[in-house]
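Step one of this worksheet: look at the structure below.
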Amino acid sequence: MTDLLDTWLAGGTPPPRSVIKEAVKESLAALAELAPGHSVEVRVPPYAAIQCIEGPRHTRGTPPNTVETDARTWLALATGRLNWTDAVGSGTVKASGSRASEVGTLLPLR
């Protein structure tokens with residue numbers, strides 16, 4: 001992770017949008033590689049979304065198992081700067097469906 005992202009995650013000035021986008025996409029790709037599948041959709045608007053975790057594939061409408069958050073929260077979770085339970089409890093992560101919490105067991109990404 002770049003110094004710009006580290007500074008931002010520590011409460012500093014946001015880096016350029018392109019830096020955030022790249023970090024979000026790379027970390028989501030790492031999650032998809034770690035837990036391949038289509039049971040849970042993880043969304044970090046406006047940057048990216050993936051499907052992960054083995055199980056039934058969802059193809060129409062809003063998936064029953066979703067995780068949605070902003071880029072800063074996602075990157076803090078992915079790097080271990082933020083705890084899943086705290087993020088869900090504070091409302092910065094919206095996790096719905098019976099399998100969405102499985103994402104939290106995969107964080108931080110290593």
Side-chain angles (χ1 to χ4, degrees):
M1 188 161 304
T2 70
D3 289 341
L4 293 173
L5 283 171
D6 286 334
T7 300
W8 180 47
L9 293 174
T13 305
R17 181 179 165 92
S18 61
V19 172
I20 298 170
K21 181 179 180 179
E22 181 180 339
V24 167
K25 290 183 114 182
E26 285 179 7
S27 59
L28 286 174
L31 176 62
E33 186 175 317
L34 178 65
H38 300 282
S39 290
V40 179
E41 185 166 291
V42 180
R43 303 171 181 163
V44 184
Y47 300 104
I50 59 142
Q51 291 184 350
C52 62
I53 302 179
E54 200 172 297
R57 176 185 291 257
H58 179 81
T59 58
R60 295 186 124 179
T62 300
N65 298 291
T66 61
V67 172
E68 186 165 339
T69 190
D70 61 279
R72 186 175 186 173
T73 300
W74 170 251
L75 293 172
L77 286 166
T79 59
R81 289 177 173 86
L82 179 60
N83 170 298
W84 174 264
T85 303
D86 292 342
V88 171
S90 71
T92 58
V93 169
K94 293 173 186 74
S96 63
S98 62
R99 307 226 24 221
S101 64
E102 292 179 40
V103 172
T105 67
L106 301 168
L107 300 171
L109 298 171
R110 302 202 191 278

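- When all heavy atoms are compared, the tightest approach of Pro16 to Leu4 is CD-CD1, 4.0 Å.
- Val67 approaches Ala100 most closely through the heavy-atom pair CG2-O, 3.7 Å.
- In this structure, the side chains of Asp6 and Arg81 come closer than 4.5 Å at one or more pairs of heavy atoms.
- Residues in residues 86-108 take part in these side chain to side chain donor-acceptor pair (under 3.5 Å) pairs, two or more places apart or across chains: Ser39-Arg99, Thr66-Ser96, Ser90-Thr92, Arg99-Glu102.
- With values rounded to the nearest 0.5 angstrom, Ile53 atom CD1 is found 5.5 Å from Leu106 atom CG.
- A distance of 11.0 Å separates CG of Leu82 from CG of Leu75, quoted to the nearest 0.5 Å.
- The minimum heavy-atom distance linking Ala87 with Thr73 is given by the pair CB-CG2, 4.3 Å.
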Would you be so kind as to tabulate the donor-acceptor pairs closer than 3.5 Å made by side chains of residues 18-27, with sequence neighbours excluded?
from, atom 1, to, atom 2, distance (Å)
Ser27, OG, Ala23, O, 2.9
Ser27, OG, Val24, O, 3.0
Ser27, OG, Trp74, NE1, 2.7

Please output the side-chain donor-acceptor pairs of residues 28-37 that fall under 3.5 Å, not counting sequence neighbours, one pair per line with the distance.
none

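- Nearest heavy-atom pair, Arg72 versus Trp8, reported as atom, atom and distance to 0.1 Å: NH2-O, 2.8 Å.
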